[in-house]
Amino acid sequence: AVERERSVFAGVSPTDAPMFGYFPNAGGVANVRDFVDRLEPKPRWIASARLGAGFVELANALIAARR
């Protein structure tokens, strides 16, 4: 079973909206800003960088939060 509160989801497009709703700690890379007005639910956090660089930004934020 997935522990939703302990998991993080990173999405990139409107098709990820169900996952943004399922995971309380869901984030999006900057690409989701192109669709944010159509997303429901919206990600809790949006990276400033797009695609892979946005994922790295999210990963670095998680690592920094653990310190």
Side-chain angles (χ1 to χ4, degrees):
V2 175
E3 294 183 53
R4 292 180 341 159
E5 294 76 22
R6 295 179 47 105
S7 299
V8 175
F9 175 80
V12 67
S13 73
T15 59
D16 294 320
M19 301 302 276
F20 295 146
Y22 182 77
F23 289 102
N25 298 310
V29 298
N31 301 61
V32 299
R33 291 188 197 281
D34 298 341
F35 314 101
V36 75
D37 58 329
R38 297 183 297 188
L39 287 177
E40 201 55 50
K42 296 175 182 6
R44 184 173 185 179
W45 182 82
I46 300 176
S48 60
R50 298 175 75 84
L51 299 173
F55 179 81
V56 170
E57 182 181 335
L58 174 60
N60 285 335
L62 291 170
I63 291 166
R66 292 197 67 184
R67 294 181 180 160

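Nothing here was measured: the structure is a model prediction, and the numbers come from that model.
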Would you please name every residue forming a side chain to side chain donor-acceptor pair (under 3.5 Å) with Asn25, sequence neighbours left out?
Arg44
Using modelled atom types and a 3.5 Å cut-off, is there a donor and acceptor pairing between side-chain atoms of Arg4 and backbone atoms of Tyr22?
yes
Quick one: list whatever passes side-chain contact (heavy atoms from CB on, under 4.5 Å) with Pro14, sequence neighbours left out.
Phe35, Leu39
Kindly assign one of parallel, tilted or perpendicular to the pair Phe23 and Phe9, based on the angle between their ring planes and the thresholds 30° and 60°.
parallel
Connecting only ILVMFWY residues whose side-chain heavy atoms lie within less than 4.5 Å of each other, what is the rest of Val12's hydrophobic cluster?
Val29, Leu51
With Arg6 via salt bridge (charged side-chain N to carboxylate O under 4.0 Å, His left out) - residues at least two apart
Glu3
Taking side chain to side chain donor-acceptor pair (under 3.5 Å) as the cut-off, I'd like each qualifying pair that reaches into residues 8-21, sequence neighbours left out, listed once.
Ser13-Thr15
Can you list everything that forms a side-chain contact (heavy atoms from CB on, under 4.5 Å) with Ala49? Sequence neighbours excluded, please.
Ala53, Glu57
Only pairs at least two apart or in different chains count here, so list each side chain to side chain donor-acceptor pair (under 3.5 Å) that has a residue in residues 29-38.
Asp34-Arg50
Path from Met19 to Phe55 over hydrophobic side-chain contacts below 4.5 Å:
no
Closest heavy-atom contact between Ala30 and Ser48?
CB-O, 3.6 Å
Members besides Val8 in its Ile/Leu/Val/Met/Phe/Trp/Tyr cluster (side-chain heavy atoms under 4.5 Å)
Trp45, Leu58, Leu62
Sorted by chain and residue number, the salt bridge (charged side-chain N to carboxylate O under 4.0 Å, His left out) partners of Glu5 (sequence neighbours excluded) come out as none
